[in-house]
Structure formats: C-alpha cells, structure tokens
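Report on the structure given below.
In this text, all values refer to a predicted model and were calculated from it rather than measured experimentally. Per chain, numbering begins at 1; letters A, B, ... match sequence-line order.
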Amino acid sequence: MPKSPARQIDAAPLDAAAVLQWYDRNARDLPWRVPPADRARGIAPDPYRIWLSEVMLQQTTIAAVRSYYARFTALWPSVADLAAAPLDRVLVEWAGLGYYARARNLHACARAVVERHGGVFPTRSAELLALPGIGAYTAAAIAAITGDEEVAVLDGNVERVLARYLALPVPVREAKEGLRAYLQEQVPQRAGDFAQAMMDLGATICAPRSALCMLCPLQPGCLGTRADPLVYPVKAAKPERPVRFGHAFVIRDRDGDIYLRRRPEKGLLARMAETPTTPWTDEALPVVFPFAADWRALMPITHVFTHFRLELSVWTAEAPVPADLAEGWWAAPEGLDDEALPSLFRKVLASAGL
DNA sequence: AATTCGTGGAA
DNA sequence: TTTCCAAGAAT
C-alpha cells in the first residue's frame, strides 16, 4: 500500500529496447563509466567508484566533478582507504565542490560500509538506502549500474524526459511517485545501461533548453514532441533570492600568516574553515571590528548561494601582539590550498591578494 | 511537505 | 546582466 495516493499514470509503454540501442551507439565517455560493450563482456564497475561519482554528481555538473573524482580516487582507491582518512582531510579535498553535507555523509558512509559490511560495498538498493547520504536516486543508480538490479532510476534528467514523453501537466514534485511507478514498469534487462541511457538522453538530446527530437529514440511515442516539448516539465513559481550583508576580516600576523577558524558543526558551510565575519543580516550594518587596529578596506565581494545572495565588505589588519584569538589557527599564504576553505572564503582571501 | 543545504558555467 | 540549473538528501 503506497503511503501517499500517487497519481496513477496510464500511458503507452516506453520503447526501452530503442533506448538501449541508442545508448550502444551514443554512450558518453565518462571516467567512472564502464562502456556498454565492456559491460556486455561481463565487466562490472567498482561500486565504490560508482557511489563516489554519484554523490559528487548530486546537483553538480560533470565538468565540476571531473577533477574532484580524479583526486579522490587517487588519494583513496578503496572505501577502506577513505574510511581510514580523517574527516577534516576529506573536507579539504571537497572544498569548492559545494553542498558540504555530502562530504560529511560520504565519510560517514565509508565508515559504515567498513563497519557494517566488512568493507564490501553493498549493491542492493535496499541496503544502500540505509547508508548516510544515499537517498532513493543514488541507491537505485548504484544498484542498477553495478548489479543490473531492475529498479527505477529517477533523477532530474529522467524526470524531464518522462515529463515530456507523457506531456505531464503538473510539476514533477506533485507526480514523482507516479513517475517512479511508471518507470519501474518500463525497466528492462540491462537495467544499468538503461538507467545511464535515460540520463544521457536527458543530458544530450532531451536537454533543459533544447530538444533534438529528430535524434531521439523515444520520439515515436512522445506526447511532448507533438506540440512544444520545451513547455515540460511544468515548473512552480520561483521565490526570489533575498540579499544578506556582512563584514569579513582578513587578519594577518607579523609573518603574514592568516587567521582562520572552523565554522560551527551545523548549518551553512558546516565544519569548513573561514576567516572571521560579522553575523550576516538582511540590512547593511556599520562595521564592528573584532579588535582595535589599523583596518584597511579591500574590495567587497558578492557570493550567490542557493537561497540568498551575500554581500561582504572585506577588511584587513595586522593582529595585535600577543594575538589572543584562541579558537582558530594561523595559516601561511602558501598553505591555503591545504585548508577546507569554501569558495566564499577563497573570494574573501582573493580580495586581499591571496 | 516545504526548506535548507554551494558552486560555476551556459544561455 | 540576469536567470537558470546540474546524475538530490536530510529534515
């Protein structure tokens, strides 16, 4: 019994065989992917690497992920290697990729795999779903890609493909479980290739701002292509992005080292490194310096988060001696690459020429 | 169930 | 310049 009355979707079946044929000829070459020809020879991908790539790819472009994926797999070739690393080391490597809860969950998941599964990464969706940072999509993707579990893999790409194919008249959020149930009925053998095919299709043919329907293997049965496929998926109104203001402080000592500290364990940029800032407020307030010094104004910076935009004035000064800034540490300019600094604070430091 | 989580590149 | 948005999860 489904917990919510998922609206039933009655529609013509989807030509999964045509999708697989298209994939055999057009599969994208990706660092974590086993090409369909190799997959047919029985070569299966490493679940650890598929998991790592899937977590990195959550709400993140392939272009942004590439270098991070290469670095992580070089540093930590197995899940046991990753589990053995300190969390703060993982955060340093994740810095700049965003959505830092992913890195904390990644590390927790690696340790759970070592503890609960003896270091053998699970490949069944039900077990995967119980691990930190693995939700419905990621569990299904790993299970399908590594073990050909015949499970619906529904990501943003596939949602768009299906919304157009079915000419879905409501926002995807309102029909998600119905879409999942419909897709589940369409999953063929070679479930892993089918999942990757549907995602490639959404990324290259049935893209957000362009639909190359003449090249699409699903064009014959597609309801969206009969008028304007680009009107789907129907989306809800976007709330506008508020602005917040604050002041950031680049504090140097006599050697030129920079004062950094760790952000709180919860909330935005949790546990990452930062330069001190004032609280961020919805109105621009006069600056309150952390100590009396010869403060100089630097170029202010703007940083855009998902749900607000931040305008930071940037100030710099030499710390008083002896410096009583207890909870943080001093970092040499050459050592900043080894700090878990989010892009926001890279911008702040760049404003000081660092 | 609606919000809260980053970032950078493309249109 | 502004807008959109990318292989979502946790709460």
Side-chain angles (χ1 to χ4, degrees), chain A residues 3-4 27-28 30-33 45 49-69 91 94-106 108-109 128-146 152-161 171-174 176-177 180 192 194-204 206-210 230 233 235-244 263-272 274 301-310 340-347:
Chain A
K3 62 184 173 187
S4 65
R28 303 171 79 184
L30 300 172
W32 44 85
R33 173 170 289 177
R49 292 184 174 231
I50 296 302
W51 162 69
L52 180 61
S53 70
E54 291 299 343
V55 173
M56 287 183 167
L57 287 164
Q58 289 166 5
Q59 300 294 285
T60 308
T61 59
I62 289 170
V65 163
R66 284 182 186 277
S67 65
Y68 285 84
Y69 176 81
L91 293 181
W94 198 277
L97 196 55
Y99 284 149
Y100 297 100
R102 292 185 297 171
R104 288 177 266 124
N105 286 329
L106 187 85
C109 183
L128 290 160
L129 197 52
L131 291 166
I134 298 184
Y137 162 74
T138 304
I142 298 171
I145 294 170
T146 67
V153 178
L154 188 60
D155 78 326
N157 288 306
V158 181
E159 287 173 3
R160 179 173 56 256
V161 171
V172 166
R173 185 171 57 249
E174 298 176 24
K176 186 134 178 196
E177 292 316 308
R180 195 188 308 283
F194 177 71
Q196 294 172 96
M198 291 292 285
M199 291 190 280
D200 277 16
L201 209 49
T204 62
C206 198
R209 301 177 223 248
S210 76
L230 298 184
K235 30 190 179 291
K238 65 244 154 184
E240 69 179 68
R241 204 189 311 265
V243 187
R244 292 185 190 168
R263 291 178 58 79
E265 295 293 321
K266 299 192 172 190
L268 191 69
L269 309 176
R271 207 184 158 93
M272 301 296 283
E274 68 170 2
I301 62 113
T302 295
H303 192 74
V304 180
F305 293 104
T306 303
H307 52 296
F308 66 94
R309 187 175 87 240
L310 180 63
L341 285 163
S343 294
L344 165 63
F345 293 102
R346 299 269 173 201
K347 284 187 192 175

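Atom P of nucleotide C/dA9 and atom CG of A/Leu128 are separated by 12 Å, given to the nearest angstrom. Regarding A/Arg104, its CZ atom lies at a distance of 12 Å from the C1' atom of B/dT4, rounded to whole Å. Spacing between atom CZ of A/Arg66 and atom P of C/dA6 amounts to 17 Å, rounded to whole angstrom units. Between A/Asn105 atom CG and B/dT4 atom P there is a gap of 19 Å when expressed in whole angstrom units. Regarding A/Leu97, its CG atom lies at a distance of 9 Å from the C1' atom of B/dG6, rounded to whole Å.
Here the nucleotide nearest the side chain of A/Arg33, chosen from B/dT4, B/dT7, C/dA7, is C/dA7. When distances are taken from the side chain of A/Ala203 to each of B/dT7, C/dA9, C/dA7, the shortest belongs to C/dA7. In this structure, of B/dG6, C/dG8, C/dA6, it is B/dG6 that holds the atom nearest to the side chain of A/Thr60. Side-chain proximity of A/Gln58 to B/dA2, B/dT7, C/dA9: nearest is C/dA9. With C/dC5, C/dA10, B/dG6 as the candidates, the nucleotide lying closest to the side chain of A/Arg241 is C/dC5. Closest to the A/Arg160 side chain, of the nucleotides B/dT7, B/dA10, C/dA7, is C/dA7. Closest to the A/Lys235 side chain, of the nucleotides C/dA7, C/dC5, B/dT7, is C/dC5. In this structure, of C/dG8, B/dT7, C/dC5, it is C/dG8 that holds the atom nearest to the side chain of A/Gln59. Of the candidate nucleotides B/dG6, B/dT4, B/dG8, B/dG6 has the atom lying nearest to any side-chain atom of A/Phe305. In the set C/dC4, B/dG8, C/dA9, C/dC4 carries the atom at the smallest distance from any side-chain atom of A/Arg209.
Taking the six-membered ring where the residue is Trp, the centroids of A/Phe305 and A/His303 are separated by under 6.0 Å. Proximity of the aromatic rings of A/Tyr68 and A/Trp94 is defined here by a centroid distance below 6.0 angstrom, and this criterion is not met.
Residues from residues 194-201 of chain A that place a heavy atom under 4.0 Å from any atom of DNA chain C, listed by number: A/Met199, A/Asp200.
Side chains of A/Asn105 and A/Arg102: no donor on one and acceptor on the other come within 3.5 Å.
Annotation: B/dT7 and C/dT11 have their C1' atoms spaced 22 Å apart (nearest Å). C/dT3 sits 22 Å from B/dG6 when the P atoms are compared, rounded to a whole Å. Only the C1' atoms considered, B/dC5 is 15 Å distant from C/dA6, to the nearest whole Å. C/dA7 and B/dA11 have their P atoms separated by 14 Å, with the value rounded to a whole Å.
The pair A/Arg33-A/Asp200 meets the salt-bridge criterion, since a charged nitrogen lies less than 4.0 angstrom from a carboxylate oxygen.
Counting only heavy atoms from C-beta outward, the side chains of A/Glu54 and A/Ile145 approach each other to under 4.5 Å. By the 4.5 Å heavy-atom criterion applied to side chains, A/Met198 and A/Asp155 are not counted as neighbours.
A/Thr138 places no side-chain N or O within 3.5 Å of a backbone atom of A/Gly135 that could act as its donor or acceptor partner.
Seen from the ring of A/Phe308, A/Arg244 counts as a face-on cation partner, given the 6.0 Å and 45° thresholds.
Within the nucleic acid shown, A/Trp94 has no heavy atom closer than 4.0 Å to any nucleic acid atom.
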